[in-house]
Novice: 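Starting off with a structure, shown below.
If you read the sequence from its start, that first residue is 1, and numbering goes on from there. We count ligands from 1, going down the list as the structure has it; atoms in each ligand are counted the same way.
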Amino acid sequence: MSQPIILASGSSIRAKLLQQAAVPHSVETARIDEEMIKSALIAEEAPPRDIADTLAEMKARKISDKHPDALVIGCDQVLDHRGKLLSKPDSQEDAIRQLTQLRGDRHMLLSAAVICEGGKPIWRHVGQVRLRMRDISDSYLNDYVTRNWESIRHAVGCYKLEEEGSRLFTSIEGDYFHVLGMPFLELLNYLALRGDLAT
Ligand SMILES: Nc1nc2c(ncn2[C@@H]2O[C@H](COP(=O)(O)OP(=O)(O)OP(=O)(O)O)[C@@H](O)[C@H]2O)c(=O)[nH]1
């Protein structure tokens with residue numbers, strides 16, 4: 001019997017990816033003060049990938065301390081737009097403001113995952129994907145946010161690529177799963193190598 005797997009994330013798409021890949025797991029959201037930690041790391045001029053990695057590890061550790069025998073997966077995703085980190089939108093106005101900044105330009109998503117066992121990290125990966133957003137019109141941008149607000153409010157870039165968000169982009173350089181929010185194939189490869197997943 002392989003070890004139990006716990007996803008320490010409240011992200012519905014991360015749970016859905018595991019569930020659709022028939023990876024048995026439970027979910028236990030790690031409550032940490034992400035904005036406070038992110039602000040402290042930004043003040044120390046930590047690079048975006050280190051911020052995502054650190055937050056992912058903190059979430060995994062918190063749950064792993066409670067369930068030392070399980071494999072606990074912590075994740076975090078950071079949006080880097082010309083060195084400025086964007087967070088999930090607070091309001092529709094915030095989403096419009098963010099998308100106005102991103103349109104007609106490139107940005108990067110950094111998707112980190114860390115696995116902890118016995119409260120210690122045993123695996124980590126940060127995926128990086130570069131996206132180029134179309135120079136969408138004000139009217140489409142406003143309509144897009146109004147139509148999709150209940151969905152995109154939970155996404156760091158104010159878009160969901162697997163939904164209408166695909167219309168926002170002219171190109172994506174990198175792994176689709178890294179956009180959705182986790183280095184999923186890298187994670188599956190690790191679990192398979194350990195013998196935790198049949199292949
Ligand atoms: N479905 C979907 N979600 C996206 C997309 N882009 C970003 N996200 C989500 O944006 C969220 C980024 O915020 P995080 O802080 O990493 O994760 P969270 O949703 O707050 O959940 P925790 O792991 O509990 O912190 C994640 O849930 C990502 O899955 C996308 O294209 N599609």
Novice: Looking only at N/O atoms, are Ala155 and ligand 1 under 3.5 Å apart anywhere?
Specialist: no
Novice: Considering only non-hydrogen protein atoms, determine which one is nearest to atom 27 (O) of ligand 1 and report residue, atom name and distance to 0.1 Å.
Specialist: Ser11 OG, 2.9 Å
Novice: When you measure from atom 29 (O) of ligand 1 to each heavy atom in Leu180, Leu110, Leu55, which option holds the nearest one?
Specialist: Leu180
Novice: Apply salt bridge (Lys or Arg N to Asp or Glu O under 4.0 Å) to Asp105 and Arg132, showing your working.
Specialist: CA-CA 6 Å; Asp105 202 358; Arg132 179 174 285 281; 5.2 Å; no
Novice: Indicate yes or no for a side-chain donor-acceptor contact from His154 to the backbone of Ile152 under 3.5 Å, with no hydrogens or angles considered.
Specialist: no
Novice: May I ask which of Arg153, Met182, Lys16, Lys88 has a heavy atom nearer to atom 20 (O) of ligand 1 than the others do?
Specialist: Lys88
Novice: Measure the acute angle between the ring planes of Phe169 and Tyr159, then classify it against the limits of 30° and 60° as parallel, tilted or perpendicular.
Specialist: perpendicular
Novice: Could you see which bit of Ile13 sits under 4.0 Å from ligand 1, with heavy atoms only: side chain, backbone, both or neither?
Specialist: side chain
Novice: Heavy atoms only: give me the nearest Leu180-Gln77 pair and the separation to one decimal.
Specialist: C-NE2, 4.2 Å
Novice: Give the residue and atom name of whichever protein heavy atom lies nearest to atom 17 (O) of ligand 1, and the separation in Å to one decimal.
Specialist: Arg14 NH1, 3.0 Å
Novice: Specify the protein heavy atom at minimum distance from atom 23 (O) of ligand 1: its residue, its atom name, and the distance to 0.1 Å.
Specialist: Ser9 OG, 2.7 Å
Novice: In terms of residue, atom name and distance, what is the protein heavy atom nearest to atom 6 (N) of ligand 1?
Specialist: Val179 O, 3.1 Å
Novice: Counting only nitrogen or oxygen atoms and a 3.5 angstrom limit, does Thr29 reach ligand 1?
Specialist: no
Novice: Which residue and atom name correspond to the protein heavy atom nearest atom 1 (N) of ligand 1, and how close is it?
Specialist: Glu162 OE2, 2.7 Å
Novice: Please report which non-hydrogen protein atom sits nearest to atom 7 (C) of ligand 1, along with the residue it belongs to and the distance in Å to one decimal place.
Specialist: Gln77 OE1, 2.8 Å
Novice: Verify, without hydrogens or angle tests, whether Ser64 (side chain) and Ala60 (backbone) share a donor-acceptor contact under 3.5 angstrom.
Specialist: no
Novice: Stepwise, does the side chain to side chain contact (heavy atoms under 4.5 Å, CB included) test hold for Tyr190 with Ile122?
Specialist: CA-CA 10 Å; Tyr190 174 70; Ile122 57 170; 3.4 Å; yes
Novice: Under the salt bridge (Lys or Arg N to Asp or Glu O under 4.0 Å) rule, collect the residues that match up with Arg153, sequence neighbours excluded.
Specialist: Glu150
Novice: Looking only at protein heavy atoms, which one is nearest to atom 11 (C) of ligand 1, and what is the separation?
Specialist: His154 O, 3.5 Å
Novice: Can you list everything that forms a salt bridge (Lys or Arg N to Asp or Glu O under 4.0 Å) with Lys38? Sequence neighbours excluded, please.
Specialist: Glu35
Novice: If we ignore hydrogens and angles and just use 3.5 Å, is the side chain of Lys62 paired with the main-chain N or O of Arg31 as donor and acceptor?
Specialist: yes
Novice: Can an N or O of Gly10 be found at a distance shorter than 3.5 Å from an N or O of ligand 1?
Specialist: yes
Novice: Which ligand 1 atoms does Val156 reach within 4.0 Å, using its non-hydrogen atoms?
Specialist: 7 (C), 10 (O), 12 (C)
Novice: At a non-hydrogen distance cut-off of under 4.0 Å, which region of Glu163 contacts ligand 1 (side chain, backbone, both, or neither)?
Specialist: neither
Novice: Could you walk me through whether His67 and Glu28 pass the side chain to side chain donor-acceptor pair (under 3.5 Å) test, one step at a time?
Specialist: CA-CA 10 Å; His67 304 278; Glu28 187 167 339; 2.8 Å; yes
Novice: Which of the atoms in ligand 1, numbered in the order shown and given with their element, are less than 4.0 Å from a heavy-atom of Glu34?
Specialist: 15 (O), 25 (O)
Novice: Could you walk me through whether Glu163 and Ser151 pass side chain to side chain donor-acceptor pair (under 3.5 Å), step by step?
Specialist: CA-CA 9 Å; Glu163 298 174 359; Ser151 177; 2.7 Å; yes
Novice: By number and element, which atoms of ligand 1 are closer than 4.0 Å to a non-hydrogen atom of Cys75?
Specialist: 23 (O)
Novice: Considering non-hydrogen atoms of the protein only, which is the closest contact for atom 31 (O) of ligand 1, and what is the distance?
Specialist: Leu161 N, 2.8 Å
